[in-house]
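Just so you know, these numbers use all the heavy atoms, side chains as well, and skip hydrogens, waters and symmetry mates.
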Protein chains: 2
Amino acid sequence: MGYVRYPKRVSAAGESAAKPASRRRGAELESAILRAAVEELSESGYPGLTMDRVARRAGTNKNAIYRRWPNRAALGVAAYQRLATEKLRPPDTGALRDDALALLRRVNCDLSSPQAEILRGLLAGVGDEPELLARLHDAVADGGSGVWLTIVGRAVARGEVPPEALHPRVVTVALALLRNEYVTRGLTTVPDDVLVEIVDEVYLPLLRSRGPA
Amino acid sequence: MGYVRYPKRVSAAGESAAKPASRRRGAELESAILRAAVEELSESGYPGLTMDRVARRAGTNKNAIYRRWPNRAALGVAAYQRLATEKLRPPDTGALRDDALALLRRVNCDLSSPQAEILRGLLAGVGDEPELLARLHDAVADGGSGVWLTIVGRAVARGEVPPEALHPRVVTVALALLRNEYVTRGLTTVPDDVLVEIVDEVYLPLLRSRGPA
DNA sequence: AATTTACGGTACGTTTCGTACCCTATCGAG
DNA sequence: CTCGATAGGGTACGAAACGTACCGTAAATT
């Protein structure tokens with residue numbers, strides 16, 4: 001079907017931004033694409049993550065992208081994994097309550113409005129592809145679990161909470177609740193009251209409760 | 001610009017499904033549109049909620065839709081509100097643990113895979129419109145809060161948990177955790193282990209902990 | 001040096017949103 | 001009962017964006 005004409009066009013000047021003279025290949029090109037995708041994702045969210053725009057930004061074309069990722073959602077997840085992997089070091093204030101609040105606040109700031117929208121977009125875009133969804137889930141979960149284990153571990157060492165508190169699901173409850181607010185409540189940053197409430201009404205009572213009855 | 005020709009076409013026979021002879025107006029037509037939207041949403045999820053398809057299914061055209069909702073996301077939220085308003089009556093087994101588990105399981109079955117995907121789709125489609133997001137949030141939140149208050153209220157009456165447990169945020173923790181699993185984990189139903197874990201490791205300890213220190 | 005592979009560039013087909021435009025049935029006022 | 005005004009029906013259209021196909025060419029491989 002249908003290839004009638006093929007006009008041979010000299011590449012228009014100054015159309016693309018950062019493309020070196022030599023032609024990139026393999027890992028180098030892949031990295032450039034991924035970097036462009038992360039930037040687009042950060043600036044314009046998932047709806048802005050257009051294949052054409054990523055290609056233009058990376059100084060390449062959609063061909064090179066589709067050879068690596070089967071569709072837009074896969075590229076989005078890959079980019080998000082990069083974006084979310086910037087680790088945050090656990091605070092160490094000496095009190096579990098302050099540690100937890102500090103962590104929640106940081107997550108609330110760093111990862112808030114843009115990130116939440118990105119995550120929402122991705123969760124939808126992933127749709128019915130379980131593998132992508134799982135990857136996304138891991139990316140999100142890993143972002144938290146370790147850090148929370150650390151601060152609770154310190155609290156256990158201080159005798160603030162019983163050692164039974166060191167349960168993976170228990171430790172990440174605060175993060176899950178915050179994420180729940182994110183995802184459903186929306187773009188705006190979660191108000192600080194809510195964070196305090198999560199910590200004082202749920203998180204601390206829960207951790208303390210897990211000792212010997 | 002540009003209306004060149006206008007072919008006068010006799011309406012093709014049998015192209016639309018349920019359109020009565022008389023032309024519907026106002027509330028009646030609106031209801032038909034919404035019903036069609038709910039059906040499309042249930043069958044094909046948010047991606048399948050196409051304006052053209054809804055219009056065809058309702059036996060009307062996009063015009064009538066856009067006169068009522070500004071865009072697809074708004075229609076989707078409206079349809080979801082209808083879909084999610086089917087209430088569930090609280091179980092009453094006589095024990096809080098069983099009530100909570102039963103409720104989680106029912107939510108997990110009834111509202112699981114299709115609903116979760118719809119919700120994910122909507123959350124993304126709503127994007128940057130805070131009002132729609134708020135409406136969605138209400139629709140989701142209302143679905144749970146009351147029921148949970150009921151079963152915990154009964155538990156309080158039985159003396160199972162202290163009255164301080166009747167805190168809105170506390171009471172809905174189990175639902176929030178389950179929803180968190182939904183949203184991130186994906187389509188498949190959340191395994192029962194997880195539900196049990198949520199109840200035994202988090203929910204019950206939390207509620208019991210809220211008594212006098 | 002020859003061959004194979006991967007990139008660059010571009011054109012397309014398709015779908016879907018949202019808008020514009022005509023024509024007409026129905027409703028309400030006089 | 002006649003006659004506008006309003007809302008529906010039908011359709012066409014422009015703009016994006018996805019995903020694919022196809023050429024020509026640079027770079028790696030042999």
Do A:E40 and A:R53 meet the salt-bridge criterion of a basic N to acidic O distance under 4.0 Å?
-> yes

Hey, is A:E197 close enough to B:R169 for a salt bridge, meaning N to O under 4.0 Å?
-> yes

Does A:R72 place a side-chain N or O at less than 4.0 Å from the phosphate oxygens OP1/OP2 of D:dA17?
-> no

Establish, with yes or no, whether the OP1 or OP2 oxygen of C:dC7 is under 4.0 angstrom from a side-chain nitrogen or oxygen of A:R68.
-> yes

Would you indicate which nucleotide in [options] comes nearest to any side-chain atom of [X]?
{"X": "B:R67", "options": "C:dC17, C:dG8, D:dG8", "answer": "D:dG8"}
{"X": "B:K62", "options": "C:dC17, C:dG8, D:dG8", "answer": "C:dC17"}
{"X": "A:R25", "options": "D:dA26, C:dC17, D:dC18", "answer": "D:dA26"}
{"X": "A:N61", "options": "D:dC18, C:dT10, C:dC17", "answer": "C:dT10"}

Do we get A:R72 above A:Y46's six-membered ring, with its NZ or CZ under 6.0 Å from the centre and within 45° of the axis?
-> yes

Atom-pair distance ([atom1] on [X]; [atom2] on [N]), nearest Å:
{"X": "B:I65", "N": "D:dA7", "atom1": "CD1", "atom2": "P", "answer": "17 Å"}
{"X": "B:N71", "N": "C:dG18", "atom1": "CG", "atom2": "P", "answer": "5 Å"}
{"X": "A:E28", "N": "D:dA27", "atom1": "CD", "atom2": "P", "answer": "11 Å"}
{"X": "A:D52", "N": "D:dA15", "atom1": "CG", "atom2": "C1'", "answer": "13 Å"}
{"X": "B:Y66", "N": "D:dC13", "atom1": "OH", "atom2": "P", "answer": "18 Å"}
{"X": "A:L75", "N": "D:dC18", "atom1": "CG", "atom2": "C1'", "answer": "13 Å"}
{"X": "A:E30", "N": "C:dC7", "atom1": "CD", "atom2": "P", "answer": "9 Å"}
{"X": "A:W69", "N": "D:dT20", "atom1": "CH2", "atom2": "C1'", "answer": "18 Å"}

Between B:R154 and B:T150: side-chain donor-acceptor atoms closer than 3.5 Å | no

With sugar-phosphate meaning primed atoms plus P, OP1 and OP2, does A:L49 contact a base, only sugar-phosphate, or nothing at under 4.0 Å between heavy atoms?
-> sugar-phosphate

Report the C-alpha separation of B:E43 and B:R57 in whole Å, then their side-chain angles, then the decisive distance to 0.1 Å, and conclude whether the side chain to side chain contact (heavy atoms under 4.5 Å, CB included) test is met.
-> CA-CA 13 Å; B:E43 292 174 15; B:R57 184 162 205 154; 2.8 Å; yes

Name the residue closer to the 5' end of DNA chain D, choosing between B:L29 and A:P47 according to the nucleotide with the nearest heavy atom.
-> B:L29

Check: A:N63 side chain, C:dG9 base, donor-acceptor under 3.5 Å | yes

